[in-house]
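These notes concern the structure reproduced below.
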Amino acid sequence: MDRYNFKSTEEKWQKFWEKNKTFKSSINKDKKKFYCLEMFPYPSGKIHMGHVRNYTIGDVLARFKKLQNFNVLHPMGWDSFGMPAENAARENNLDPKEWTEKNISTMKTQLKRLGLSIDWDREISTCSPDYYKHQQLFFLELYDKGLVYRKENYVNWDPVDQTVLANEQVIDGKGWRSGAQVERKKLNQWFFNISKFSEQLLDGLDNLSEWPNKVKTMQKNWIGKSFGCEIDFKIEGDLPVKNIKCFTTRPDTLFGFSFLALSVDHPLSKYFENDLEFKKFKSECSKTGTTEESIAQAEKIGFKTNLLAINPMDSKMKVPVYFANFVLMDYGFGAVFGCPAHDQRDFDFAKKYQLNIRTVVRPKDKTDDFQVKNQAFVEDGLMINSSFLDGLTTPGEAIEKSIDYLTKNKLGKKKINFRLKDWGISRQRYWGCPIPIAYDKNGNIVKVPKKMLPIKLPEKIELNTKGNPLDHQKKWKEIQINGENCTLDTDTLDTFVDSSWYFLRFCSPENNQYGFNEDEVKYWMPVDQYIGGVEHAILHLLYSRFFMQALSFDRQSSIPTEPFKGLFTQGMVCHETYKDENNRWFSPDEVYTENGKDFFKIKDKKKILVGPSESMSKSKKNTIDPEKIINQYGADAVRFFILSDSPPEKDVQWSDQGMIAAYKFVQKFWILHQKITEEIKNKKRKNENIDLTIYTNKLVEKFTFSLEKFNMNVLIAYLHETYNFLNKEIEKLDIKDLKENYLKILILIFPILPHLASECIKDIQKNLNLSWPTTQKEYLEEKFVNIVIQINGKKKSLIKIEKNLDEKMLIENVMKDKKISTFLEKKSVFKHIIVKNKLVNLIIK
RNA sequence: GCCCUCGUGGUGAAAUUGGUAGACACAAAGGACUUAAAAUCCUUGCCCUUUUGGGAGUGCCAGUUCGAGUCUGGCCGAGGGCACCA
C-alpha cells in the first residue's frame, strides 16, 4: 500500500487545473449562473487562518454549485490601498507600491496552494490605475448626479505631526505616533450623500431574506429611523435670534420643558465667539475627540446663555437656553428640548444646574399627584399637568395629539429623522485613489475631464514629511484644465470606496471604457453568495448597497440595486494566548506543554500563563501560520480541519490535535481507497451481501441538505461516518454496486478535499466531468424501520419491523416485545399514538 | 439602559425543525497487538445494581402537549451590537 503523498498530488492537480483553465468563467445564458464571492483580502504580507477559513467555505460552495451544473463565477482580487502600506513604507523606507505588489505575489502563491477554484484571469487590484481610473469616473458621475458634495467637517488633528488621524490612531485622546494631545479641527472634505437613500437602504433590508438577521438589525439601528416632530422654538433675548429649530420624538412631554440645549457647533455659537468663558467651555468640549463614544464618556456640562426659549404649548412658560457638550450637531438640528422628568440625561443636567423638574407623565398605577424624584420616569403612562393632553395614554395618543396641535398652530410639524450621516470620503493620505477634482485660482471646483483620467498617484515620493504627502508634490499638483492652471485636490478617497464596487468589476475586469459592462453585470449580478467577516456588517456592506443605489440613480437602464443576494458571516479562528510573568506575549511556537495544562517557554523553561482563547492576532502572537501547516499536512487536510470543529458562523478553536486528526483522515482514506479499487477490480466477487445503494442515497440526501444549510462541520462528520462504514464492511463482506456508489461518495468529498478526491476518481474513471449525484426515492428508505416504543411519552423499547405495517399488525408487534409486555402486566393501555414508521406511544393509567 | 444571539458530557459539537438526546471528532481511563515504543484497533464515560436492568438528565422555575433540547412565559448567566440620538 502506498502512503498518500499530498505534496506531489496537490501540486499535480493544481497544475492540471491551471493548465486546463478549469475555473475560467464566461457568460452562458443556457445555464443558471452562480456568483460566489468572498471578501477580498488586504495584502498585508501573508495569508492568515481567517483567510483560510473564509476562502475554504467559499470554495466548498463554489465547487458544489459547479457540480450542480451552475455557471459559477468565483473571482479573487486585492483591496490594496490603505494605511498599512503607507506605514510600512515609512518605517522601512520602501515604496508602498513595491511593498504591496510583493505581498500580493506572496499571498497569491499561498492562496493557490489551498487549491481554490478561482478564476484568476479576473484578478483585480484596487491600487492599479486600471481599477481606480473607473472609480474616478464614478466619482464624477456621482458628482454630476448631485450625490457628492463638499462641506466642512471635524477631524482628529495631530498638531505635532501636522496630520489627520483615523479614529483608531487616537489612543486615550493622544496621537499614536507623536503622543500629542489630539485636537478637533475643521477641514473641507468630500461627502457621498448616502443619507439621501436612508429610506431605500432601510426598506431594502426587508427583501434580503438570505442575510443573517443579526446584520440586518445592525444596519437598521445604524440607519436609525425615528418618528417625531420638528419644533420651531421662539426665542427672547438680546441677540438677533428669533427662532431655534429642534427635533423631538416626545412632543407629548412639552409641558415638562425646562431648558433648551444647543451643540457648541450650532450656528448660534457665532455670537459667543468673543466670550472668553464660552471659548473655554468650547475647548473643554473639543478635548473629547470626535468619536461618539468619547463624547459619551465625558461629564455632562453646559454653558448658560441669556436667551430664553418659549414653550410652544404655553407662551408664558419661558426656559433658559444652554450650550451643552452632549448635543451633537450631526443629529437633528443640533438642538435638544430638555424635559428632565422623563429623560434620564436631561434629569442629570437639570439636577446639576438646578433647573425646574415638572412631572407630566404618571405610571398607570399611580395617582395624578405622582412626582418624579430621584430618577426620570421614562416608561409608558398617562398624561398629567399638561392641559389638553391630560388623561391621554402616552406615547401613543398624546404624541399624535400634540403634533396635531403644533401643526394647526404652525409651531411645528411631523418629521421623520434618520441617524445615518453622510459618508465622508476624503483622506489626507498618500496611498489611496486620487480625487479627480482640481481648483482654479479662485478656489472654484473644476472637474478633471474624462479624457485626462486616470489621475495617477505619483510614484516613489518622500513619505517622511509632515502633513499630507501629496500636498508636497508641487509638480504633481499643478494641472492645466481647459487652458487654465489649476491645483489638484491632494486628498485621496477612503478605501471603503474601493471595496464598494469591486464585485461589479469582477463581472468585466477587462472593460476599458467604464467600470463594468452592463450586459455582463446584468448576467452575473447580484452576488448569489457573499462570504466574509461580521466585522463588516455595517460599513462595507452598507456602503456597497449605497453604491448600487447611487449608480442606479438617474440611470438610463436598470441594474440591480442590491449587490448581495445572500450573505454569510463566518466566525473567527481562535487560539489560546500565552504570556510570561512580565506580561510579554509568546507565540504557540515558543511554548511547550507535557500535560496540556502547564505551559513553559522552550527557551528557558520558565512558566507561561495561559490566557483565554481569542481571535488570532499578530499583537497577541497567538497565530498559526497557514503556510507552515500546509507544508506539514497539505492543503486538503487544512481545509478539512478548518471546517470540522465548529459551525462556520461560529468561532472555531484552533487545535493541533484536530489538525493531526484531519491529516490522519486523509491518509487513512487513501488506504481505504486502495482497498476499494482492488475490490472493484476483483471480478470474482460472489457474496454481495451489502447493498451500498441505500446507504449512498441517504448520504447524498443528508449531505446535500447540510451543505445547502452551510452546516459544513456536519459534512465532516458524515465523511468520518462514511469512512468508518466502508472500512468496516469492506474487510468483511463483498459489496454490491461498489463502483457506482463509491464514485458518488467521491464526488461528495470533492468540494472539501479536491486534490484527494480527484486522485481517487482518476483511478476509477477517466472522465473528470463530474456532476453532483442525485437520489432516487426508492433507495432512500429501507424495507425495515426502527420503531420507538414509548410508555407515557418515555422511551421504553425499540423494535425493528417491516415498513408501512398496518396499525393492527404494528400494535400486535409492539405488544409482543418482551420489555413492553413485562411492563404492561396488570396495566391496561388507555390509548395509543402512532407516528407512522417512527414511533408508538402507549398511554397507560 | 435598549436591541440581538446563545446556554446540551472533560472539550468542540450533532439532533432532517415537536418524536430514540449526546451522531462525529478531540481529550482521558482501561485493554489488545508489540521485547518495547510509535502506529493501529477495541471498550468505558451521570446515579443505583455483580449482571440483566432501572432512574435522572439539554442553565433554573413554571406552562402547553400523548410526547419539549426544540414551542410559550418568568428568572439566572455568557457573548455581540447600539447609544448622552433629542
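Per chain, numbering begins at 1; letters A, B, ... match sequence-line order.
Within the nucleic acid shown, V327(A) comes within 4.0 Å of at least one base atom, counting heavy atoms only. Nucleic acid contact for K415(A): none, since no nucleic acid atom lies under 4.0 Å from a heavy atom of the residue. S655(A) comes within 4.0 angstrom of no nucleic acid atom, judged by non-hydrogen atoms across all strands. Counting any heavy atom pair closer than 4.0 Å across all strands shown, K220(A) reaches no nucleic acid atom.
F640(A) has its ring centre less than 6.0 Å from the ring centre of H720(A). Y578(A) has its ring centre less than 6.0 Å from the ring centre of F599(A).
Using a 4.0 Å cut-off, some side-chain N or O of S646(A) falls inside it from OP1 or OP2 of A13(B). The phosphate of A15(B) (OP1 or OP2) has no side-chain N or O of K702(A) nearer than 4.0 angstrom. Taking 4.0 angstrom as the limit, Q790(A) places none of its side-chain polar atoms (N or O) nearer than this to OP1 or OP2 of G67(B). Residue R419(A) has no polar side-chain atom (N or O) positioned under 4.0 Å from OP1 or OP2 of C82(B).
The separation of U65(B) from U11(B), taken at their C1' atoms, amounts to 35 Å, rounded to a whole angstrom. For the P atom pair drawn from G63(B) and G57(B), the interatomic distance equals 14 Å after rounding to whole Å. Rounded to whole Å, the C1' atom of G18(B) lies 8 Å from the corresponding atom of G67(B). The P atoms of C76(B) and A83(B) are separated by 26 Å, rounded to the nearest whole Å. Atom name C1', nucleotides G1(B) and A13(B): the rounded distance is 35 Å, in whole Å. With P as the reference atom, C82(B) and A27(B) are 39 Å apart, rounded to whole Å. Taking atom C1' on both G22(B) and G7(B), the two are 16 Å apart, rounded to the nearest angstrom.
Nearest nucleotide to the I843(A) side chain, out of C66(B), C24(B), G19(B): C66(B).
Partners of E649(A) according to the side-chain hydrogen bond (donor to acceptor under 3.5 Å, both in side chains) rule, which considers only residues two or more places apart in sequence or in another chain, do not exist here. With sequence neighbours left out, F259(A) forms a ring-ring contact (aromatic ring centres under 6.0 Å, His included) with F349(A). In this structure D380(A) satisfies the side-chain hydrogen bond (donor to acceptor under 3.5 Å, both in side chains) test with no other residue, sequence neighbours excluded. Shown here are the side-chain hydrogen bond (donor to acceptor under 3.5 Å, both in side chains) partners of T696(A), two or more places apart in sequence or in another chain: N741(A).
Using the Watson-Crick or G-U wobble rule with both distances under 3.5 Å, C24(B) pairs with G12(B).
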Name each donor-acceptor pair under 3.5 Å that joins a side chain in residues 657-667 of chain A to protein atoms two or more places apart or in another chain, with its distance.
from: Y663(A); atom 1: OH; to: R3(A); atom 2: NH2; distance (Å): 3.2
from: Y663(A); atom 1: OH; to: Q667(A); atom 2: NE2; distance (Å): 3.3
from: Q667(A); atom 1: OE1; to: Y4(A); atom 2: N; distance (Å): 3.3
from: Q667(A); atom 1: NE2; to: Y4(A); atom 2: O; distance (Å): 3.2

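Taking the centre and axis of the six-membered ring of F227(A), the NZ or CZ atom of K414(A) falls outside the cone set by 45° and 6.0 Å.
Taking the syn range as angles within 90° of 0, the glycosidic angle of G53(B) is outside it, so the base is anti. Glycosidic torsion of U17(B) falls within 90° of 0, placing the base in syn.
Nearest-nucleotide assignment on RNA chain B puts the 5′-proximal partner with K650(A), out of K650(A) and T248(A).
Within a heavy-atom distance below 4.0 Å of RNA chain B, no residue of residues 260-268 of chain A is found.
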